[in-house]
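Structure first, commentary second.
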2 protein chains.
Amino acid sequence: VSPVDFKTSHTTFTFPGLINVNAYVPDLLHQDLDSLLQATRASISAGFTTMHIISDGGIKDGPALELAQRQVSGKTYSDYALSVVATAENVQSDDIKIAAKSLCIPSTGNISVTAAHFTTWPADKPIVTDATTNELASILLLASLNNRSVHVTNVRTKEDILLIALSKGKDLKVTCDVAVYSLFFTRDKYLHAPCLPTIADQQALWENLACIDVFSTGPIPYRLAKALGHHHSPWSGFEETMPLLMSAVIDGRLTLEDIKVRLHDNPLRIFDVPEQTSTHVEVVVDRDAVFTARQNHWSPLEGRMLPGNVHRVVMHGQTAYLDGIVASSPLGRDVSGIISPKR
Amino acid sequence: VSPVDFKTSHTTFTFPGLINVNAYVPDLLHQDLDSLLQATRASISAGFTTMHIISDGGIKDGPALELAQRQVSGKTYSDYALSVVATAENVQSDDIKIAAKSLCIPSTGNISVTAAHFTTWPADKPIVTDATTNELASILLLASLNNRSVHVTNVRTKEDILLIALSKGKDLKVTCDVAVYSLFFTRDKYLHAPCLPTIADQQALWENLACIDVFSTGPIPYRLAKALGHHHSPWSGFEETMPLLMSAVIDGRLTLEDIKVRLHDNPLRIFDVPEQTSTHVEVVVDRDAVFTARQNHWSPLEGRMLPGNVHRVVMHGQTAYLDGIVASSPLGRDVSGIISPKR
Ligand SMILES: [Zn+2]
Ligand SMILES: [Zn+2]
Ligand SMILES: [Zn+2]
Ligand SMILES: [Zn+2]
Ligand SMILES: [Zn+2]
Ligand SMILES: [Zn+2]
Ligand SMILES: [Zn+2]
Ligand SMILES: [Zn+2]
């Protein structure tokens with residue numbers, strides 16, 4: 001990352017390939033995983049050269065995982081890793097332990113089932129949860145009792161970030177991500193969107209920035225569009241990421257290093273994602289730019305003056321994206337099963 | 001405790017003064033604490049020479065605690081200790097920290113408030129909770145993070161006893177009690193009483209007997225009577241304790257030592273209750289005895305053949321109870337504020 005000089009109105013920063021640890025794809029298994037394929041196009045356009053995919057209607061067993069991997073193989077524009085949803089039935093499944101990147105524990109899970117997953121899930125693959133309040137606490141307890149790590153995704157309340165901060169202070173192996181939308185939008189502005197934090201929640205998130213390991217997109221862009229009655233597209237929330245973060249850099253609330261750490265260094269380490277060679281993202285900061293959604297869908301940023309945009313993405317030595325155009329050949333690979341030789 | 005010989009039909013066992021760590025008094029503060037005073041009579045009749053009082057409509061601040069202590073002073077038949085309910089308002093109260101025996105965390109508590117109590121409540125006084133499932137897990141997490149002990153009262157589900165067993169196995173400082181009713185009655189027999197465990201829950205409790213530190217009476221006798229439309233009296237559940245436990249001794253499911261450990265040794269240690277000198281309880285086991293509620297209220301045991309009964313209670317060198325008669329002079333003291341010089 002190069003130093004900032006905002007005296008000229010156009011500046012380019014170069015980041016390593018960004019990693020989105022919560023690329024939420026609603027209704028993942030629907031229609032030959034077309035929404036996943038589209039999400040990989042949206043992803044590369046936003047500078048995310050690797051995406052860790054989480055879904056509510058997600059993958060729950062070995063055959064579903066294998067089918068999904070076969071269906072999208074060779075058709076994706078960013079590297080991707082698939083997560084499996086923990087259920088009472090897949091505790092003993094060896095297939096998912098080998099082929100999936102991570103295990104996602106839903107907030108509605110039963111403690112005994114979750115406890116069983118904590119004892120059987122491989123130590124070198126992440127356990128991820130979107131649980132909040134007491135459900136989150138109970139998962140942190142299981143992580144503590146089993147002396148293993150857990151990643152909390154889409155943290156959005158003061159109570160949860162304080163519990164995570166407290167746990168980190170006591171050397172619990174917990175990491176977390178916060179959605180970029182949670183840092184910039186509140187339900188005070190979008191009254192019908194309980195998916196967004198309150199002003200007090202958002203303030204607590206900013207105050208505990210040091211505890212936030214990762215920024216992600218997560219399900220909030222989808223839920224916000226739905227709550228407001230707008231059409232959602234796989235692009236929603238992806239292309240807003242860099243303009244929002246760059247506005248915070250200009251406001252002095254974030255440094256470029258803060259962003260690089262939370263969109264590359266930490267995700268790479270926490271999710272054990274392979275480092276991509278010859279991969280970088282060029283971001284142009286232009287103080288006079290006006291945000292325009294490229295895919296013509298609703299965006300909370302539509303028409304707003306926002307300073308940053310992804311100009312070019314080079315992945316594995318080839319230009320994968322340039323000024324609104326995704327390269328025609330899909331360069332993405334499945335990195336779900338790849339584990340570093342030694343952690 | 002003397003060895004068992006059931007060949008003769010009448011046998012007497014002598015226990016040290018028993019301690020009831022969850023003497024539930026509904027509507028505690030009502031009418032000059034009359035129900036508490038009555039409960040101390042019921043308590044001494046059942047062999048409980050010390051009772052730790054827990055209430056839903058409980059004591060929440062220093063003035064209420066002081067008033068309660070003044071109102072019952074010199075009128076109680078067993079020694080007693082008072083608990084204070086943790087609220088958002090009493091986190092910083094020094095009064096309750098000095099004068100109360102313990103802090104009771106309700107299952108409905110907010111995590112931030114509970115976390116604050118865990119950092120401010122004195123390390124040498126118990127924290128007690130009746131929370132279950134995720135609320136229980138979140139309290140165990142806070143105990144773990146703060147490296148302090150917590151006592152879980154009225155455990156009644158398989159899930160909870162397994163979580164406690166798991167936590168004990170990982171050296172968390174957690175102890176627990178199970179109500180005697182939970183060991184002998186199920187909701188399969190009393191269909192309208194969700195306060196009772198299921199058959200599977202009860203089986204898990206017996207299987208994890210080694211994890212159960214203490215037996216108590218708790219709120220179940222009150223709730224069962226209410227659920228079935230019967231009148232409740234302070235005697236409900238107290239005088240049933242010894243007959244039920246003795247029936248398990250005769251069935252070979254409990255030893256006399258199991259009972260002594262869970263009604264004296266462990267409660268004394270966990271709740272730091274002062275050892276009572278010249279105090280003992282004589283229990284007569286008579287195989288032909290039929291249970292008759294002494295106070296003429298409804299009991300689930302009414303008319304059943306049950307082998308054991310409290311014959312005599314000697315407290316502080318004086319006979320406090322003999323064959324249905326409570327001695328006229330109240331010998332009980334308030335032991336809420338007493339802490340052993342060194343733990
Ligand atoms: Zn790198
Ligand atoms: Zn659209
Ligand atoms: Zn260019
Ligand atoms: Zn009343
Ligand atoms: Zn003793
Ligand atoms: Zn005697
Ligand atoms: Zn009655
Ligand atoms: Zn006698």
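Heavy-atom basis, side chains included; hydrogens, waters and symmetry copies ignored. By convention in this document, chain letters (A, B, ...) are assigned in the order of the sequence lines, proteins followed by strands, and residues within each chain are numbered from 1.
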Contact leader toward chain A among B:G169, B:A143, B:S167, B:A131, where contacts are heavy-atom pairs under 4.5 Å: B:S167
For the atom pair OG (B:S112) and CG (A:D160), what is the distance rounded to the nearest 0.5 Å? 9.0 Å
Atom CG in B:L145, atom NZ in A:K168: separation rounded to 0.5 Å? 13.5 Å
Would you say the side chain of A:E159 lies within less than 4.5 Å of the side chain of B:N110, judging by non-hydrogen atoms? yes
Approximate separation, where rounding is to 0.5 Å, of A:I111 CD1 and B:T133 OG1: 5.5 Å
The interface call for A:L142 against chain B, heavy-atom contacts under 4.5 Å, is side chain
Quick one: what part of A:L172 sits under 4.5 Å from any heavy atom of chain B, side chain, backbone, both or neither? side chain
Looking at chain B, which one of A:L140, A:D171, A:N146 has the largest number of heavy-atom pairs inside 4.5 Å, strictly under? A:L140
Taking everything shown except A:K97 itself, do over 12 heavy atoms lie less than 6.0 Å from its NZ? yes
Could you tell me if the side chain of B:L141 sits less than 4.5 Å from the side chain of A:L163, heavy atoms only? yes
